[in-house]
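Take a look at the structure set out below.
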Amino acid sequence: MTTGTTTVEVRQLSPGASAIEVSGDVTAASEGPLMDAYASASGTGAKVIILDFGGLDYMNSGGIGLLVTLLVRVQRQGQRLMAVALSEHYRQILALTRLDEAIAIHATAADALAAAGV
Amino acid sequence: MSKNTTATDGAAPPEAPAAPPRSSAANWSKPVDRLAVGAVPTRAMNLNVEGRRLVGPVQGFGQLWQKRYRVRLEGADASPEQVISTWKGEFGTFWPKGNSFYGPITGIAPGDVALLNLAAPGGQTLSTGVLVIYADDESFTFMTPEGHMFAAWITFSAFLDDLAPVVQIEVLLRANDPLYEVSMALFGHRQENAFWMATLHNLAARFNVDATATLEQTCVDRRRQWKNAKNIRHNAAIRSTFWMATHPRRWFRRTGAA
């Protein structure tokens, strides 16, 4: 049985960038909160969406699939998706699944903002 | 500013995989640059896997589809873990006839590479493979290599719904190249759906349940990724057909058709 919890919080980092801070578990059940958070982050007019995984406890393959769905939505809006504060383990998973070719990974939100130039 | 929280109640998880351990490190494959095929039976056609890179929806060409096949094992006396354990151990036996899965005899575990020989139109055989990228007690996920029909993740899972085990296959896929994309539109989707629904029917029968699988499918992204049209150079259908044409004696020996 699933007993996971996803918590997301949206922060506007600059006029062109918003961060979605993800805590807890990311599984396929996280779709509602994550997509709601994306709508909120996008509503600020952000061109860069940063996923902050500093509070991530666990992500399974359902969660990885969800990142693809989010990536498609971001690309449709002409935005960029970036990820920060990933542990080495989850960096490896994004490399294994080759999601790192579409989602730029940085250590911190400040690094991501600098790379995005926003 | 917004804050959202969800907590699944455990009664009827609609998604897969379920019941994650707190650390997923042991459930994921180690990073893989290029696939290496282990020992395979001599009857297997071993093409299009060795040295190939993995491809997911980001690297594919065609429209992005999400498909969810399900079957309910009403009355089956088995937990989701027991269903998945059986499925891992006997995976290829549930496939429709004419299709072969050559995986490790120990079952399915993260990092395993399996060779697939699939029935293709015109009596051809398509040789390709998969890597097990994730596996836990209630689910496992495959990722496909270059040349496969799909750039895809395929997750197999089981969960309880009203005390009955429900078995699910969830596929997130793009056709790998323009030729496959045309094939998908003509017959591929129909063939793919029939394949997995028959697989679930056979799995249900293993638990003495006669049930028909259901399908939900959504086109998540209608755009085609033309930058990936060059994937066609790895096309396993073309390469398999060419191999059969240029190695007819080995092909006939392999199939016993001579």
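Chain naming here is simple, since letters A, B, ... match the order of the sequence lines and numbering starts at 1 in each.
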**Atom of L96(A), atom of S29(B) and distance for their closest heavy-atom approach** = CD2-O, 3.8 Å
**Complete:** Answer key: most heavy-atom pairs under 4.5 Å with chain B among I20(A), T44(A), V72(A) is V72(A)
**Prompt:** For L54(B), is it the side chain, the backbone, both, or neither that has a heavy atom closer than 4.5 Å to a heavy atom of chain A?
**Reply:** both
**Complete:** Turns out that what part of V32(B) lies under 4.5 Å from chain A's heavy atoms comes down to both
**Message:** Nearest 0.5 angstrom please: R73(A) CZ to D221(B) CG, how far?
**Reply:** 11.5 Å
**CH2 on W28(B) to CE on M59(A), rounded to 0.5 Å** = 7.0 Å
**Prompt:** Taking all atoms of both residues into account, what is the closest heavy-atom pair of W153(B) and G65(A), and its distance?
**Reply:** CZ3-CA, 3.8 Å
**Request:** Answer yes or no: is there a side-chain heavy-atom contact under 4.5 Å between Y134(B) and I93(A)?
**Result:** no
**Asked** Do you know which two heavy atoms are closest between P57(B) and V68(A), and how far apart they sit?
**Response** CB-CG1, 3.9 Å
**Request:** Sort Q75(A) into side chain, backbone, both or neither according to what part of it lies under 4.5 angstrom from a heavy atom of chain B.
**Result:** both
**Complete:** Note: vs chain B, highest number of non-hydrogen pairs under 4.5 angstrom among Q92(A), R76(A), E21(A), Q12(A) is R76(A)
**Message:** For chain B, which candidate among L34(A), L99(A), T97(A), T69(A) shows the most heavy-atom pairs at distances under 4.5 Å?
**Reply:** T97(A)
**Message:** Just so I understand: if I count every heavy-atom pair under 4.5 Å between each of L131(B), V55(B), L172(B), D33(B) and chain A, which residue has the most?
**Reply:** L172(B)
**Asked** So which of T141(B), I154(B), D136(B) actually passes side chain to side chain contact (heavy atoms under 4.5 Å, CB included) with S61(A)?
**Response** T141(B)
**Prompt:** Which region of L71(A), side chain (C-beta onward) or backbone (N, CA, C, O), has a non-hydrogen atom less than 4.5 Å from a non-hydrogen atom of chain B, or is it both or neither?
**Reply:** side chain
**Asked** Does N27(B) reach the side chain of N60(A), with side-chain heavy atoms less than 4.5 Å apart?
**Response** no
**Prompt:** Any donor and acceptor pair, going by atom type alone, linking the side chain of E101(A) with main-chain N or O of Q59(B) inside 3.5 Å?
**Reply:** no
